[in-house]
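Atoms within a ligand are numbered from 1 in the order they appear, just like the ligands themselves. Computed from a prediction, not measured in an experiment: that's the story for all the values here. Positions are given from 1, in the same order as the sequence printed here.
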Amino acid sequence: MHTVTLIPGDGIGPDISEAAVKIIEAAGVGIEWEKVEAGLSAIDKYKDPLPGIVLDSIKKTKVALKGPLTTPVGSGFRSVNVALRKEFDLYVNLRPARSFEGVPSRYQNVDLVIVRENTEEFYAGIEHYIDPAHSAAETIGVVTRSGSERIIRYAYEYARKQGRKKVTTVHKANILKYTGGLFLEISREIGRQYTDIQTEDKIVDNMAMQMVINPYQFDVIVTTNLFGDILSDLASGLVGGLGLVPGANIGYDAAIFEAVHGSAPDIAGKNLANPCAIVLAGAMMLRHLKEGAAADRIENAVAEVIKEGKSVTKDLHPAHHVGTKEMTDAIIKRLKAGC
Ligand code: NAD
């Protein structure tokens, strides 16, 4: 029996997290869920988007499954997602984007992994208006040698363990000569130590174009925080959208699993959200909990339901679709049939 913190999240969060919990239960893994609220619902209840009860639960369980949390744009409270990553030093944001048969998308057979640095640079929270009149603002991006070393080494170790062939470091060291330059210098140093892995680096603007033109040339991509955030949504677009791409935030002592996508306020409460991204994040979590067989079964059931195309959400089949709940039921049925 595992104990896992469950943060349902905002917008579509509660519906898709419920789907993930049901599917993990149907896979037969014994999990005691500690359900705690963060984000908008926590503001209503505790007047705090990240109440102590959430931090205490993750400190105890060390593992959380989290629905997306809304962050006000341009003003208001700071991102709870970023706060959680910093609080637990979850320095790795692992975002695998792979194609599923049956998904209408520009490419088939894409299989990329983005390893995003998750605690530094422009997400360090050092920003302010420079004067009371708000005539100018500045954000300071901090990149450290130790922070860069640990994420780049993680990417190479991950590539080696997963039998992947190449690591591409993405940067903007032509313009950001210090932050980008340090990250690039360290990636070249570390790359030289992994002679079994092909190493290359690309400037981020060219990288975005190259990913769109020919994603097959990439394998593991390691980059700084902001570029990793943007390129992982781009990678989601290559494989058929945000509804399919999971993510893991991993540190030395704790890990939080979530979808790459956000709270999707435009479709919240409409039974339209694709549950697959958080379900696949749940499978990543099960692997972390050494429940690899259950993770494989869940991934297979998701892939089969998508391939069949009869019980999928609107993002996957706009003309003939079912709702979140119905797709969840179809995955559970397939999971049980395969047991
Ligand atoms: P979003 O990812 O929520 O939505 C972008 C588009 O993708 C929308 O059209 C949405 O309907 C669609 N979409 C997203 N998930 C989907 C799913 N599962 N099924 C079908 N369609 C889906 O991005 P946004 O609108 O830019 O952000 C909304 C809020 O989410 C913001 O407050 C943002 O800060 C937050 N956010 C949170 C996280 C997180 O919790 N880790 C990540 C990204 C964004």
- Query: Charged N to carboxylate O below 4.0 Å: is that the case for R116 and D229?
  - Reply: yes
- Counting heavy atoms only, which of G262, P265, A277, A268 comes nearest to atom 25 (O) of ligand 1? P265
- Query: So is G67 polar-close to ligand 1, meaning N/O to N/O under 3.5 Å?
  - Reply: no
- Query: Does some non-hydrogen atom of K66 fall short of 4.0 Å from ligand 1?
  - Reply: yes
- Item | Selection from E258, H261, K270 by shortest heavy-atom distance to atom 41 (N) of ligand 1 | E258
- Message: Checking side-chain polar atoms at under 3.5 Å, does S79 have a donor or acceptor matched by the opposite partner on Y123?
- Response: no
- Query: Taking only residues two or more places apart in sequence, or in another chain, which ones meet R188 in a salt bridge (Lys or Arg N to Asp or Glu O under 4.0 Å)?
  - Reply: D201
- Message: Given N274, I267, L272, identify the one with the heavy atom nearest to atom 22 (C) of ligand 1.
- Response: I267
- Message: With nothing but distance in play, are any N or O atoms of T70 less than 3.5 Å from an N or O of ligand 1?
- Response: no
- Query: Under a 4.0 Å N-O cut-off, is there an ion pair linking K202 with E200?
  - Reply: yes
- Message: I need the atoms of ligand 1 closer than 4.0 Å to a non-hydrogen atom of P68, numbered in the order shown.
- Response: 40 (O)
- Query: Should one rank L316, T71, I12, N81 by closest heavy-atom distance to atom 16 (C) of ligand 1, which comes out on top?
  - Reply: I12
- Message: More than 12 heavy atoms of other residues, nucleotides or ligands under 6.0 Å from NZ of K314: yes or no?
- Response: no
- Kindly state if atom 27 (O) of ligand 1 has a protein heavy atom within a strict 4.0 Å cut-off, that is, under 4.0 Å? no
- Item | Pick from L242, L84, N249: the one approaching atom 5 (C) of ligand 1 most closely through a non-hydrogen atom | L242
- Task: Taking the six-membered ring of F100 (Phe, Tyr or Trp), confirm whether the NZ or CZ of R98 is under 6.0 Å from its centre and within 45° of its axis.
- Result: yes
- Query: Which of the numbered atoms in ligand 1 are below 4.0 angstrom from a heavy atom of A273?
  - Reply: 19 (N)
- Note on the structure: By ring-ring contact (aromatic ring centres under 6.0 Å, His included), Y252 pairs with (sequence neighbours left out) Y91
- Query: Side chains of E34 and T5: do they bring a donor and an acceptor to under 3.5 Å?
  - Reply: no
- Is the closest heavy atom of V73 to ligand 1 under 4.0 Å? no
